[in-house]
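These notes concern the structure reproduced below.
All ligand and atom numbering here is 1-based and tracks the order in the structure.
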Amino acid sequence: MKKHIVLLPGDGIGPEVTKAAKQVLEAVAGRYQHTFTFESHDIGGAAIDQHETPLPEDTVEACKKADGVFLGAVGGPKWDQLPGHMRPEKGLLGIRKQLGLFANLRPVQAFQQLLHASPLKEEVVAGSDLLIVRELTGGLYFGEPRERRDNGQSVVDTLSYKRSEIERIVEKAFESAQVRRKHVTSVDKANVLESSRMWREVVEEKKADYPDVEVEHMLVDAAAMRLVTNPSSFDVIVTENMFGDILSDEASVLTGSLGMLPSASVRQDGVGLYEPVHGSAPDIAGENKANPLASILSVAMMLKHSFGMHEEAETVEAAVHEVLHSGFHTADLQLKDGVEVSGSQMASKVIEQISANDTTENIMRCYV
Ligand SMILES: NC(=O)c1ccc[n+]([C@@H]2O[C@H](COP(=O)([O-])OP(=O)(O)OC[C@H]3O[C@@H](n4cnc5c(N)ncnc54)[C@H](O)[C@@H]3O)[C@@H](O)[C@H]2O)c1
């Protein structure tokens with residue numbers, strides 16, 4: 001299969017983890033006889049420095065033509081004092097909007113080797129394996145008007161959703177649950193907000209189309225509590241933009257390291273932008289300390305969600321599990337035992353594992 005991938009390395013550790021992502025894609029292409037072509041473009045602070053805008057037009061055009069987009073990270077102290085429209089994050093928000101990526105998928109999985117690094121008791125976090133499906137392009141962050149009024153004495157933000165916007169994200173959640181443990185928790189604030197009451201109505205209507213999926217409704221405050229008291233009870237959580245923003249960050253600390261968390265932002269036709277959850281980590285940029293596993297797991301999501309390459313995605317995920325199981329870890333994982341490796345060495349270990357499996361299978365094929 002031929003696929004064209006746009007790489008947006010961005011700032012700080014972004015270029016380091018993007019290099020690892022590209023190497024893993026090349027290893028997958030080699031193993032499965034795919035042809036992956038790549039082009040790199042600027043975004044965020046790097047784009048501000050080169051083009052005086054966080055999202056140059058040629059970056060947008062290239063992304064629109066791509067089969068998949070990988071983004072490293074944007075931002076850093078160098079650009080913190082710039083006015084709002086020139087901030088690196090504008091590049092990220094802008095590209096999601098331009099590509100119409102309405103669904104943010106954030107899996108959170110507790111790795112056995114890393115349970116001790118969780119802020120929760122090991123027995124509470126053990127077995128957690130959940131997916132947050134967050135609406136990304138509507139709600140309070142985009143509603144108009146939003147403005148100061150009465151000479152700055154009052155302020156308004158607007159929470160608005162079209163029924164069709166709720167329907168498509170709810171469908172995405174049901175579809176995701178069908179290939180997982182078939183359980184959806186829809187999170188809202190229906191005791192207070194009209195938008196949440198419509199959200200609940202849509203979930204109730206849509207569930208008839210997915211009879212194999214069990215549904216529960218939960219208020220956002222209760223969901224926030226259950227995420228820290230019983231995270232393993234969740235499978236798929238679906239929610240609107242702001243609730244999803246907060247809950248996905250809460251969920252992200254459960255597993256102990258930001259360096260392990262992948263994410264995807266997708267639309268109905270499968271085109272997507274894949275990125276690690278972490279930021280540009282300016283404190284370790286250029287030191288080869290960045291954990292590339294969040295990026296490598298984001299590549300697995302790209303293979304699965306945008307390219308329909310499920311076996312390839314499982315090979316990448318299995319390689320990550322195997323490397324961790326063998327005791328290799330980067331500094332951020334703070335394992336008591338095992339061997340600490342640099343970011344690039346970690347990427348090489350995963351690639352070796354992908355290729356090692358290849359060799360074993362090839363040998364097996366020769367004997368059959
Ligand atoms: N999606 C994005 O591009 C994104 C997301 C969050 C923050 N940011 C930006 O990144 C910059 C730094 O933000 P921050 O410090 O709050 O968050 P951060 O995620 O960059 O870093 C938080 C801490 O985690 C560590 N860390 C993060 N990723 C790591 C990795 N892969 N391996 C090892 N350690 C890792 C960092 O060293 C740091 O100590 C800011 O400019 C912020 O706006 C960007």
Side-chain angles (χ1 to χ4, degrees), residues 7-21 24 41-49 54-55 59 69-84 86-97 99 101 104-106 111 114 117-119 134 136 141 244-246 248-265 272-299 301 320 323-324 328-335 340-347 349-350:
L7 303 171
L8 307 176
D11 311 314
I13 61 170
E16 297 167 44
V17 295
T18 303
K19 185 174 171 194
V24 166
H41 286 271
D42 292 325
I43 194 166
I48 294 170
D49 290 351
L55 186 60
T59 298
V69 181
F70 178 89
L71 182 136
V74 295
K78 183 177 175 191
W79 305 280
D80 275 352
Q81 305 310 321
L82 292 174
M86 278 289 276
R87 296 291 293 271
E89 307 81 40
K90 279 279 169 195
L92 185 50
L93 292 176
I95 194 65
R96 285 176 180 160
K97 190 86 182 164
L99 295 179
L101 306 173
N104 185 236
L105 312 180
R106 279 221 211 167
F111 289 84
L114 307 178
S118 172
R134 165 190 168 194
L136 206 54
Y141 295 175
D245 187 7
I246 298 166
S248 56
D249 270 15
E250 183 189 357
S252 72
V253 298
L254 298 179
T255 55
S257 174
L258 265 175
M260 295 297 301
L261 293 163
S263 81
S265 303
L273 176 120
Y274 298 83
E275 53 180 319
V277 165
H278 62 73
S280 62
D283 53 333
I284 56 166
E287 295 180 18
N288 199 9
K289 285 184 182 165
N291 182 351
L293 294 182
S295 292
I296 291 172
L297 291 168
S298 301
V299 160
M301 291 187 83
V320 168
V323 168
L324 287 173
F328 295 107
H329 60 92
T330 43
D332 57 304
L333 299 180
Q334 297 174 352
L335 292 195
E340 189 177 309
V341 291
S342 68
S344 58
Q345 284 169 328
M346 182 56 115
K349 294 281 170 204
V350 174

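- Listed by chain and residue number, nothing satisfies the side-chain hydrogen bond (donor to acceptor under 3.5 Å, both in side chains) test with D11 (two or more places apart in sequence, or in another chain).
- Under 4.0 Å from any atom of ligand 1, one finds heavy atoms of residues I13, A73, V74, G75, G76, E89, L92, L258, G259, E275, V277, H278, G279, S280, A281, P282, D283, I284, A290, N291, D332.
- Between L333 and L324 there is a side-chain heavy-atom pair separated by less than 4.5 Å.
- A heavy-atom distance below 4.5 Å is not found between the side chains of I296 and M346.
- In this structure, the side chains of R106 and S263 come closer than 4.5 Å at one or more pairs of heavy atoms.
- Checked against side-chain hydrogen bond (donor to acceptor under 3.5 Å, both in side chains), E340 has no partners two or more places apart in sequence or in another chain.
- Considering only residues two or more places apart in sequence or on other chains, S257 meets the side-chain hydrogen bond (donor to acceptor under 3.5 Å, both in side chains) condition with D332.
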